[in-house]
Amino acid sequence: MTDAHALHPRLEEALQMGRIAIESTEPVVENGRFAAKAIIGQPVTVTSRIFADGHDQLAASVCWRARGEESWRRARLKLLGNDHWSGQFTATQVAAHEFRIEAWWDVFESYRYELSKKHAAGVPIGVELEEGRLHLQRAAERAQGETRAMLDDLLHRLQMAHLEDERVSLLLAQETAAVMADADPREHCSHSPIFALEVERTRAQFASWYELFPRSETDDPNRHGTLRDVIKRLPAIRDMGFDVLYFPPIHPIGRSFRKGPNNSLEAGPNDPGSPYAIGSEDGGHDAIHPQLGTHEDFRALVAAAAEHGLEIALDFAIQCSQDHPWLKEHPGWFSWRPDGTIKYAENPPKKYQDIVNVDFYAEDAMPGLWIALRDVVWHWVEQGVKIFRVDNPHTKPLPFWEWLIADIRERDADVMFLSEAFTRPAMMARLGKVGFSQSYTYFTWRNSKAELSEYFSELNEAPLRDCYRPNFFVNTPDINPFFLQDSGRAGFLIRAALATMGSGLWGMYSGFELCEAAAIPGKEEYLDSEKYQIRPRDYHAPGNIVAEIAQLNRIRRQNPALQTHLGFQPYLAWNDNIFYFGKRTEDRSNFILVAISLDPHHPQEAHFELPLWELGLRDDAHTQGEDLMNGHRWTWYGKTQWMRIDPAHLPFGIWRLTAAPVDPDLK
């Protein structure tokens with residue numbers, strides 16, 4: 001049993017404890033158990049509740065450093081009121097960081113507060129003026145360099161001032177306060193615990209993903225596409241505005257129990273099988289399917305992609321075909337039935353006879369399997385890959401991910417991991433906490449105005465705000481959303497607008513730009529799924545939305561407010577079929593309004609409110625609007641406006657809002 005007395009300090013301990021309380025610090029995840037997330041070059045806003053006994057004035061700073069550095073950088077916090085303090089700092093390198101809050105009695109500020117009150121009240125302040133001189137003198141004695149020179153000058157000016165009001169003005173001046181802050185002895189200085197902060201590169205928060213199967217980059221379903229064929233597609237993908245090109249597994253595919261078209265159990269001799277059945281006599285997770293090419297071809301693709309501003313992301317799928325070399329080399333890494341047969345993967349009623357799962361906690365697997373999987377990731381990092389989309393990470397141990405991600409990022413802090421975990425909210429958040437840079441989301445199944453508003457708001461609030469970056473994929477090879485199956489071209493534009501405007505991270509699987517929607521009846525699965533066969537495409541087919549996707553990505557690049565999921569705010573539009581919201585930077589210098597009709601079949605109309613109050617404007621103010629899809633500009637008069645959205649034309653509007661310049665004649 002715990003000794004209750006051990007929970008309370010002894011006298012000698014209490015005498016050494018900090019006198020100032022520092023509580024409710026943010027951004028902090030699980031009381032500091034995990035790192036909060038940040039982006040290089042972007043301010044991190046830190047808040048805390050700080051207070052102490054008595055009425056003396058306090059001061060506080062946030063201190064930060066890259067992990068391993070000895071010295072701290074500091075930025076002062078500002079008192080917002082009611083013991084709430086806030087401030088910002090900006091990390092300038094991609095690395096694991098740490099920060100803490102420090103607070104102290106601000107003796108000189110307490111003095112200035114008392115002096116100003118007494119002087120305003122007209123009471124005698126002779127003693128207080130002498131007290132002020134002594135404060136400056138003691139500060140000068142402990143100061144050095146420029147601070148000492150400035151304090152000596154203040155003392156001289158104080159001595160030369162003969163009028164009481166002159167001396168008071170000098171002691172209360174902001175100039176004096178600033179110099180005294182530099183020389184502050186920081187009495188009763190207290191510190192918060194040290195909190196972790198993972199600072200990542202910009203693409204951890206802002207990126208547009210495009211997914212394709214390299215084997216389908218062909219004009220003949222009987223000819224297997226290659227990595228070199230993908231190079232030919234790079235300009236078109238770049239021109240659509242994407243900066244991450246993601247491939248499903250590119251490794252050798254097993255023959256045993258290979259799946260045929262539409263996930264059939266019988267595969268013909270020329271059926272390519274599912275790329276998720278990883279491993280054959282040609283190799284495992286560190287090999288490339290021979291029909292795709294070689295490692296030299298892959299490195300050439302990575303280099304060519306970089307020339308077009310694209311980065312290659314690979315799928316990290318921890319499963320094996322029954323032909324994977326590991327089954328022979330390391331049988332102790334797998335689970336076996338009593339009859340000696342291997343246990344293949346299942347997700348009842350679905351069966352995946354073509355793959356088997358590893359057993360992370362088998363006696364032979366610890367630590368050999370863990371190290372082998374880490375080495376697989378590092379192998380591809382050495383080939384130039386810095387982004388990994390992880391297949392079903394929620395079915396693998398959390399301690400494994402926490403270790404692997406930290407290990408890889410200690411070697412190369414630019415490496416990022418995307419979690420493909422469509423599972424329970426707590427698990428999805430936990431994966432973000434243990435190190436995943438971003439995650440797939442429930443966005444795919446949020447369709448109504450209420451659902452979207454609630455979900456977008458939830459992602460903007462703690463705790464998800466600090467540990468979870470949402471990547472809004474509009475479709476995947478596994479998910480052909482019901483909404484898209486019968487909504488036509490307008491439906492694809494609706495989901496593209498929701499994804500691109502709702503989050504700094506979004507993605508689409510090839511075919512989306514062609515509005516492909518053919519489904520297995522009653523299921524969110526594609527008919528003739530590309531997972532089981534080669535699917536050549538005519539990317540110029542009539543009805544495509546390539547131009548609209550390119551413009552949406554262009555708008556994102558030009559407007560900082562759209563480069564994160566944060567900054568979302570729903571606004572009033574009196575029609576439940578129109579989802580109307582704003583995305584704005586913290587300083588309101590970039591303010592975007594988005595109105596999306598959720599009805600792909602009929603025109604919708606609504607009165608709506610311009611959020612003039614957020615710009616500090618009156619309800620009758622003039623503002624300027626700009627349609628970012630076509631460049632049209634106009635002036636809005638007043639707060640209440642009207643809109644009409646016709647899906648036959650464009651099912652959404654994206655407007656940049658700015659305050660109208662003031663007419664000098666109206667002043």
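Ring to ring, Phe195 and Trp64 are not that close: their centroids are 6.0 angstrom or more apart. Checked against a 6.0 Å centroid threshold, the rings of Trp655 and Tyr571 do not count as neighbours. Taking the centre of each ring, Phe568 and Tyr455 stay at or above the 6.0 Å mark.
In Glu12, the CD atom is crowded: over 12 heavy atoms of neighbouring residues, nucleotides or ligands sit closer than 6.0 Å. Shown here is Glu146, whose CD atom has no more than 12 heavy atoms of other residues, nucleotides or ligands within 6.0 Å. Other residues, nucleotides and ligands place more than 12 heavy atoms under 6.0 Å from the CD atom of Glu614.
Remark: Glu102 pairs with Arg74, Arg186 by the salt bridge (Lys or Arg N to Asp or Glu O under 4.0 Å) rule, at least two apart or across chains. Residues meeting the salt bridge (Lys or Arg N to Asp or Glu O under 4.0 Å) test with Arg633, sequence neighbours left out: Glu626. Residues that satisfy the side chain to side chain donor-acceptor pair (under 3.5 Å) test with Gln624, not counting sequence neighbours, are absent from this structure. In this view, Phe388 and Phe417 satisfy the ring-ring contact (aromatic ring centres under 6.0 Å, His included) rule, not counting sequence neighbours. Residues satisfying the salt bridge (Lys or Arg N to Asp or Glu O under 4.0 Å) test with Asp587, not counting sequence neighbours, are none. Evaluation of the side-chain contact (heavy atoms from CB on, under 4.5 Å) rule for Leu566 yields Asn460, Arg465, Thr564 as partners, not counting sequence neighbours. Contacts of Glu175 classified as side-chain contact (heavy atoms from CB on, under 4.5 Å), with partners at least two apart in sequence or in another chain: Leu154, Arg157. When the side-chain contact (heavy atoms from CB on, under 4.5 Å) test is applied to Ala59, the partners found at least two apart in sequence or on another chain are Arg76, Trp104, Asp106.
Classification of Glu114 and Lys117 as a salt-bridged pair fails, no side-chain N sitting under 4.0 Å from a carboxylate O.
Sorted by first and then second residue, the pairs that involve residues 552-564 and meet salt bridge (Lys or Arg N to Asp or Glu O under 4.0 Å), not counting sequence neighbours, are Asp243-Arg557. Applying the salt bridge (Lys or Arg N to Asp or Glu O under 4.0 Å) rule to pairs touching residues 42-57 yields Arg19-Asp53, sequence neighbours excluded.
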Kindly list each side-chain donor-acceptor pair under 3.5 angstrom involving residues 397-411, sequence neighbours excluded, with atom names and distances?
{"unit_1": "Trp401", "atom_1": "NE1", "unit_2": "Pro393", "atom_2": "O", "d": "2.9"}
{"unit_1": "Glu402", "atom_1": "OE1", "unit_2": "Arg33", "atom_2": "NH2", "d": "3.2"}
{"unit_1": "Glu402", "atom_1": "OE2", "unit_2": "Arg33", "atom_2": "NH1", "d": "2.9"}
{"unit_1": "Glu402", "atom_1": "OE2", "unit_2": "Arg33", "atom_2": "NH2", "d": "3.4"}
{"unit_1": "Asp407", "atom_1": "OD1", "unit_2": "Arg374", "atom_2": "NH1", "d": "3.3"}
{"unit_1": "Asp407", "atom_1": "OD1", "unit_2": "Arg411", "atom_2": "NE", "d": "2.9"}
{"unit_1": "Asp407", "atom_1": "OD2", "unit_2": "Arg374", "atom_2": "NH1", "d": "3.2"}
{"unit_1": "Arg409", "atom_1": "NE", "unit_2": "Glu198", "atom_2": "OE2", "d": "3.1"}
{"unit_1": "Arg409", "atom_1": "NH1", "unit_2": "Ala413", "atom_2": "O", "d": "2.7"}
{"unit_1": "Arg409", "atom_1": "NH1", "unit_2": "Val415", "atom_2": "O", "d": "2.7"}
{"unit_1": "Arg409", "atom_1": "NH2", "unit_2": "Glu198", "atom_2": "OE2", "d": "2.7"}
{"unit_1": "Arg409", "atom_1": "NH2", "unit_2": "Ala413", "atom_2": "O", "d": "3.4"}

Distance-only criterion, 3.5 Å: show the donor-acceptor pairs between side-chain atoms of residues 34-44 and protein atoms not counting sequence neighbours.
{"unit_1": "Lys37", "atom_1": "NZ", "unit_2": "Gly432", "atom_2": "O", "d": "3.1"}
{"unit_1": "Lys37", "atom_1": "NZ", "unit_2": "Phe436", "atom_2": "O", "d": "2.8"}
{"unit_1": "Gln42", "atom_1": "OE1", "unit_2": "Gln205", "atom_2": "NE2", "d": "3.0"}

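With 3.5 Å as the limit, one finds a donor-acceptor pair spanning the side chains of Trp506 and Asn553.
Judged by distance alone, with hydrogens and angles left aside, the side-chain atoms of Asn559 form a donor-acceptor pair with the main-chain N or O of Ile555 at under 3.5 Å.
Side chains of Lys639 and Trp613 form a contact here, defined as non-hydrogen atoms less than 4.5 Å apart.
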